Protein chains: 2
Amino acid sequence: MSEPWALKSKDSSESHGPYISAIYRHMQVLISAELAPHRIGSGQYMFLMAIAQQEPLTQKALSEKLLVDKTTTAKAIAKLEAEGYVRREADPADQRFQLLYLTEAGREVVPQVQEALNRVRTKTAAGIDEAEYAMFIRLLKTVLGNLTGL
Amino acid sequence: MSEPWALKSKDSSESHGPYISAIYRHMQVLISAELAPHRIGSGQYMFLMAIAQQEPLTQKALSEKLLVDKTTTAKAIAKLEAEGYVRREADPADQRFQLLYLTEAGREVVPQVQEALNRVRTKTAAGIDEAEYAMFIRLLKTVLGNLTGL
DNA sequence: CCAGATATGATGCTATTGCAACTAATTGGA
DNA sequence: TCCAATTAGTTGCAATAGCATCATATCTGG
């Protein structure tokens, strides 16, 4: 990778940056439309699903799991709480922690959100076979690892 | 792809969505830091580079090329103009059009921006060989095509 | 036991982005 | 010719997201 010709070759090829950017923005629009009936925005669904997968969680744990700033997590949780999908409960052992649980409404909406996300994935991954998709995920993981220091 | 077992198999695998999201956000932070000395934000550099590549351009053409909303383009161009990197010139043949040109300062900063983008790409694509990277770009193009209707 | 250090989370500010609605300029049909 | 439709761009608003800072609660060393 430090050889001049290798760098030159990469210099002349297209970059993934613009594609990542465009895909992110268009997926956000798509997911917003899918989840609008449930009053869940594109900035909240990942927190809802993460809590559903591993309940209960603190905001700090959520931030680390999803690789987002803790203030982004705080705002997303505040919205999910206002919509009645998530409930906070102070940890009796340590009042600094607020454990996050799904409410009944939250438990009811999670499968519908999952279906919406599956629809988006099926639509966006059309024309990619399973082997290619596995490779795609692996490459995305590599890039993300390079960005976060693994 | 329409076979039930194929769908079932895709349902159980990881989705690219969260990776796209995390990569986008982290790349934005990285690029912002790289371009801060030039007072260019993560929301402006792609417009600058697109103008450099194909001068002159209208805002409409930029929006379609970069797949962004025309209002996003208008705001990015306003910032680049305020920083003295881009100049607007009304098309004498049709006053609705504003042709966009680089200024002298713009022409000077473009190579430095390109170098910063190359550094980001090299860092984020570490550990991916050329064949894999080509495949990666192809898959990203496919996903983006699925989102925009090709 | 108490003061400082540390951890969790909240608040204010800023940047990016898209949608709705608007203005201004051009074009085309009655 | 003139008015309606189209096109380019702007403005206001809202959502997402990160940084700096602050408040509160817990823990640790003297």
Side-chain angles (χ1 to χ4, degrees), chain A residues 20-33 35-36 39-48 56-64 66-83 86 88-100 147-148, chain B residues 17-18 20-33 35-36 39-48 56-64 66-83 86 88-100 147-148:
Chain A
I20 294 284
S21 167
I23 291 169
Y24 170 77
R25 288 181 285 102
H26 283 85
M27 282 190 73
Q28 229 184 6
V29 170
L30 203 58
I31 292 175
S32 291
L35 300 183
R39 303 176 56 81
I40 297 171
S42 64
Q44 288 113 52
Y45 76 91
M46 61 177 176
F47 298 93
L48 183 78
L57 245 67
T58 65
Q59 290 187 189
K60 179 129 205 312
L62 262 184
S63 301
E64 288 168 358
L66 300 175
L67 299 170
V68 296
D69 190 83
K70 60 180 179 170
T71 65
T72 301
T73 301
K75 287 157 193 168
I77 296 302
K79 287 198 178 182
L80 287 171
E81 192 183 27
E83 292 296 339
V86 166
R88 306 162 119 108
E89 192 172 305
D91 186 337
D94 189 334
Q95 297 286 319
R96 289 176 303 181
F97 295 88
Q98 305 220 355
L99 299 174
L100 303 171
L147 278 164
T148 59
Chain B
I20 295 284
S21 167
I23 292 169
Y24 170 77
R25 287 181 285 102
H26 282 84
M27 283 191 72
Q28 227 185 8
V29 170
L30 203 58
I31 293 176
S32 291
L35 301 183
R39 305 176 57 81
I40 296 172
S42 65
Q44 289 110 55
Y45 75 91
M46 62 176 176
F47 298 94
L48 183 78
L57 244 67
T58 64
Q59 291 188 190
K60 179 107 197 315
L62 262 183
S63 302
E64 287 169 357
L66 300 175
L67 298 170
V68 297
D69 189 85
K70 61 181 180 170
T71 66
T72 301
T73 302
K75 286 154 192 170
I77 296 303
K79 289 199 176 182
L80 286 171
E81 191 183 28
E83 292 297 338
V86 165
R88 306 163 120 110
E89 193 173 304
D91 186 335
D94 189 332
Q95 297 286 319
R96 289 174 303 179
F97 294 83
Q98 305 219 356
L99 298 175
L100 304 172
L147 278 164
T148 59

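To find a chain, count down the sequence lines: A is the first, B the second, and so on, and within it residues start at 1. What you see is a predicted model; the values in this text were computed from it and never measured.
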Nearest-nucleotide wise, let me know which of B/D94 and B/I40 is further upstream toward the 5' end of DNA chain C. B/I40
In terms of side-chain heavy atoms of [X], which of [options] is nearest?
X     : options                : result
A/V29 : C/dT26, C/dG18, C/dG9  : C/dG18
B/K79 : C/dT16, D/dG18, D/dT16 : C/dT16
A/K75 : C/dC13, C/dG18, C/dA10 : C/dC13

Can you tell me how far [atom2] of [N] sits from [atom1] of [X], to the nearest Å?
X      : N      : atom1 : atom2 : answer
A/F97  : C/dA7  : CZ    : C1'   : 7 Å
B/L66  : C/dG18 : CG    : P     : 11 Å
B/L100 : D/dT10 : CG    : P     : 9 Å
A/E64  : C/dA7  : CD    : P     : 12 Å
B/L62  : D/dT10 : CG    : P     : 12 Å
B/D91  : D/dA8  : CG    : P     : 12 Å
B/M27  : D/dG18 : CE    : C1'   : 17 Å
B/I31  : D/dA17 : CD1   : C1'   : 16 Å

Taking 4.0 Å as the cut-off, does a side-chain nitrogen or oxygen of [X] come that near to OP1 or OP2 on [N]?
X     : N      : result
A/T72 : D/dG18 : yes
B/Q95 : C/dT26 : no
B/Q44 : C/dT16 : yes
A/R25 : C/dG18 : yes

Are A/F47 and A/V68 packed together at the side-chain level, in the sense that at least one heavy-atom pair is separated by less than 4.5 angstrom? yes
Would you say B/T73 and B/L66 make side-chain contact, with heavy atoms under 4.5 Å? no
Pick base, sugar-phosphate or nothing for [X], based on heavy-atom distances below 4.0 Å to the nucleic acid.
X     : value
A/K70 : base
A/Y24 : sugar-phosphate
A/S42 : sugar-phosphate
B/T73 : nothing

Using heavy atoms to find the nearest nucleotide of DNA chain D for A/G43 and A/T71 separately, return the residue whose nucleotide is more 5′. A/G43
5' priority, DNA chain D, between B/R96 and A/D69 [closest heavy atom]: B/R96
Evaluate the side-chain hydrogen bond (donor to acceptor under 3.5 Å, both in side chains) criterion for residues A/R39 and A/Q44: first the C-alpha distance (whole Å), next the side-chain angles of each, then the deciding distance (0.1 Å), finally the verdict. CA-CA 10 Å; A/R39 303 176 56 81; A/Q44 288 113 52; over 6 Å; no
OG1-NZ distance between B/T72 and B/K75, expressed to the nearest 0.5 angstrom: 6.5 Å
Should the pair A/K60-A/E64 be classified as a salt bridge under the 4.0 Å nitrogen-to-oxygen rule? yes
So does A/L67 get a backbone contact from the side chain of B/R25, meaning a donor-acceptor N/O pair under 3.5 Å? yes
